[in-house]
Amino acid sequence: MNAPLPSTIPDSTPWTADEFETRLRALGTRYHIHHPFNLRMNAGQCSPEQIRGWVANRFYYQINIPLKDAAILSNCPDRETRRIWIERIHDHDGHGADAGGIEAWARLADAVGIERNALWSLEHVLPGVRFAVDAYVNFARRAPWQEAVCSSLTEMFAPQIHRERLAGWPTLYPWVEPQGLQYFRSRIPLAQRDVEHGLAVTLAYFTTREAQQRALAILGFKLDILWSMLDAIEKAYPI
């Protein structure tokens with residue numbers, strides 16, 4: 001009697017919540033913390049010009065984060081989600097006495113020697129960076145709000161990159177004014193808070209195997225956005 005042939009039908013059984021989260025977190029190997037430019041920056045191998053180029057270009061991402069979050073809010077019919085998500089806009093634009101993350105990044109620009117007018121004019125923003133960031137904002141505008149939430153889960157990997165900068169920059173780049181590093185310090189608890197909510201939404205919405213695979217592709221897309229930004233910066237500011 002012949003042995004039965006193995007099935008060629010792909011397994012469509014949904015992953016458990018724990019399995020799904022593990023697969024999402026495994027994509028951290030593609031996070032831009034591993035990009036060659038970031039590795040050189042964390043090793044103290046970047047010149048002042050390269051640091052300034054990175055800060056000026058990353059600023060374009062910073063000022064677009066509230067636009068991305070506003071797009072998510074505009075597509076979200078759930079009041080409780082909106083009440084939580086709007087905190088992200090306050091975090092970056094500022095609220096009350098808190099000047100917000102955009103101002104904190106502008107102070108980083110001050111600390112590395114970029115004039116405010118040059119920073120806000122966006123004159124140093126590279127076409128590749130602009131294209132990548134705009135693609136992310138456009139995705140958030142057009143996608144179902146749960147998919148846009150899923151794309152934000154790169155925050156799972158952010159605390160490590162901030163901790164490394166806080167640990168290394170004071171010694172590696174002593175010419176950078178210390179108060180400019182406050183942005184990195186402030187983002188660690190905020191990123192952890194944001195991940196808790198974003199992950200809850202993602203685990204609740206993507207419940208079939210096909211949907212879970214879609215979520216992995218969405219998170220991969222966002223990781224590619226961040227990687228592409230550094231590709232453009234690395235090319236413009238070579239060693």
Side-chain angles (χ1 to χ4, degrees), residues 20-35 38-39 41-42 54-55 57-73 76 81-95 98-109 132-133 136-137 139-140 145-169 179-205 215-216 218-230:
F20 183 28
E21 180 177 346
T22 296
R23 289 173 183 271
L24 289 166
R25 291 186 180 277
L27 291 179
T29 57
R30 294 168 54 184
Y31 191 51
H32 64 162
I33 196 172
H34 304 295
H35 192 283
N38 188 72
L39 293 176
M41 186 161 59
N42 280 358
W54 175 74
V55 170
N57 276 275
R58 182 77 182 190
F59 182 69
Y60 187 66
Y61 179 79
Q62 300 303 132
I63 63 174
N64 274 279
I65 290 175
L67 302 183
K68 174 268 298 184
D69 289 324
I72 293 174
L73 286 176
C76 178
T81 297
R82 295 197 306 268
R83 284 165 60 89
I84 296 172
W85 203 267
I86 199 170
E87 292 297 325
R88 295 174 180 242
I89 296 178
H90 292 160
D91 290 342
H92 287 277
D93 279 341
H95 183 66
D98 180 4
I102 290 175
E103 174 60 22
W105 195 271
R107 291 173 184 171
L108 173 61
V133 174
Y136 180 40
V137 176
F139 172 79
W145 68 270
Q146 298 95 333
E147 292 195 355
V149 166
C150 177
S151 72
S152 75
L153 286 179
T154 49
E155 292 281 10
M156 290 190 295
F157 319 120
Q160 181 183 353
I161 206 169
H162 297 320
R163 291 190 185 100
E164 289 183 0
R165 290 167 186 159
L166 288 168
W169 278 40
Q179 64 269 22
L181 304 182
Q182 177 57 29
Y183 176 86
F184 305 137
R185 191 173 293 109
S186 68
R187 284 306 304 170
I188 294 173
L190 294 178
Q192 293 169 337
R193 179 207 68 190
D194 291 347
V195 166
E196 182 177 347
H197 179 237
L199 193 56
V201 170
T202 298
L203 295 178
Y205 179 74
L216 294 174
I218 290 167
L219 185 53
F221 159 74
K222 173 61 184 305
L223 289 163
D224 288 346
I225 291 290
L226 298 173
W227 196 276
S228 295
M229 290 170 61
L230 283 187

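Only a predicted model underlies this, so the values are computations on that prediction, with no experimental measurement involved.
Results of the side chain to side chain contact (heavy atoms under 4.5 Å, CB included) test with Leu230 over Met41, Arg58, His32 single out His32 as the only residue that passes.
Between Trp105 and Tyr61, the closest side-chain pair of non-hydrogen atoms is not below 4.5 Å. Contact of the Gln192 side chain with the Pro159 side chain is registered, since non-hydrogen atoms from C-beta on lie closer than 4.5 Å. Within the 4.5 Å cutoff, no side-chain heavy atoms of Ile218 are placed close to those of Leu153. For the pair Arg25/Met156, a side-chain contact is recorded, criterion being any heavy-atom separation below 4.5 Å from C-beta on. Residues Ile161 and Phe184 fail the side-chain proximity criterion, which asks for heavy atoms closer than 4.5 Å. A heavy-atom distance below 4.5 Å is found between the side chains of Leu226 and Met229. In this structure, Ile86 and Asp69 have side chains that are not in contact, with every pair of non-hydrogen atoms separated by 4.5 Å or more.
Scanning both residues, Ala148 and Ala140, for their nearest heavy atoms gives CB-CA, 4.0 Å. Of all heavy-atom pairs spanning Phe139 and Glu147, the tightest one is CE2-O, 3.9 Å. Here the closest non-hydrogen pair linking Gly220 and Arg30 is O-NH2, 3.3 Å. When all heavy atoms of Tyr60 and Ile63 are compared, the closest pair comes out as O-CG1, 3.3 Å. In terms of heavy atoms, Cys150 sits closest to Thr202 at CA-OG1, 3.6 Å. Across Leu219 and Ser151, no two heavy atoms sit closer than the pair CD1-O, 4.4 Å.
Residues Tyr183 and Gln62 have side chains that bring a donor and an acceptor to within less than 3.5 angstrom of each other.
In this structure, Ile33 CD1 and Arg163 CZ are separated by 10.5 Å, a value rounded to the nearest 0.5 Å. With rounding to the nearest 0.5 angstrom, the OG1 atom of Thr29 is 8.5 Å from the CG atom of Leu223. Atom CZ of Phe59 sits about 10.0 Å away from atom CG of Asn64, to the nearest 0.5 Å. Note that CD of Glu103 and NE2 of His92 are 14.0 Å apart. Values are rounded to the nearest 0.5 Å. Note that SG of Cys76 is 9.5 Å distant from CD1 of Ile84, once rounded to the nearest 0.5 Å. Of the inter-residue distances, the one linking Gln146 atom CD with Ile72 atom CD1 reads 10.5 Å to the nearest 0.5 angstrom.
Considering only residues two or more places apart in sequence or on other chains, Ala109 meets the side chain to side chain contact (heavy atoms under 4.5 Å, CB included) condition with Val55, Ile114, Leu119. Among residues two or more places apart in sequence or in another chain, the side chain to side chain donor-acceptor pair (under 3.5 Å) test is passed with Arg23 by none. With sequence neighbours left out, Asn38 forms a side chain to side chain donor-acceptor pair (under 3.5 Å) with Arg165. Take Glu164 and apply the side chain to side chain donor-acceptor pair (under 3.5 Å) test, not counting sequence neighbours, and it matches Asn42, Gln160. Listed by chain and number, the residues in a side chain to side chain donor-acceptor pair (under 3.5 Å) with His197 amount to none (sequence neighbours excluded). Listed by chain and residue number, Arg193 satisfy the salt bridge (charged side-chain N to carboxylate O under 4.0 Å, His left out) test with Asp91 (two or more places apart in sequence, or in another chain).
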Please report the C-alpha distance between Leu73 and Ile89 in whole Å, then the side-chain angles of each, then the deciding distance to 0.1 Å, and finally whether the side chain to side chain contact (heavy atoms under 4.5 Å, CB included) criterion is met. CA-CA 10 Å; Leu73 286 176; Ile89 296 178; 3.5 Å; yes

Yes or no on side chain to side chain contact (heavy atoms under 4.5 Å, CB included) for Val149 and Thr81, after CA distance, side-chain angles and deciding distance? CA-CA 11 Å; Val149 166; Thr81 297; 5.6 Å; no

Using side chain to side chain contact (heavy atoms under 4.5 Å, CB included), reason through Trp169 and Leu181 one step at a time and then give a plain yes or no. CA-CA 9 Å; Trp169 278 40; Leu181 304 182; 3.7 Å; yes

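A donor-acceptor distance shorter than 3.5 angstrom exists from the side chain of Arg88 to the backbone of Asp194, with no hydrogens or angles considered.
Using the six-membered ring where Trp is involved, His90 and His95 have ring planes that are parallel, under 30° apart on the 30 and 60° scheme.
Atom CD of Glu196 is surrounded by 12 or fewer heavy atoms from other residues, nucleotides or ligands within 6.0 Å.
For Trp227 and Tyr31, the gap between ring centers reaches or exceeds 6.0 Å.
The cationic group of Arg82 does not satisfy the cation-pi geometry with Trp85, failing either the under 6.0 Å distance to the six-membered ring centre or the 45° limit from the ring axis.
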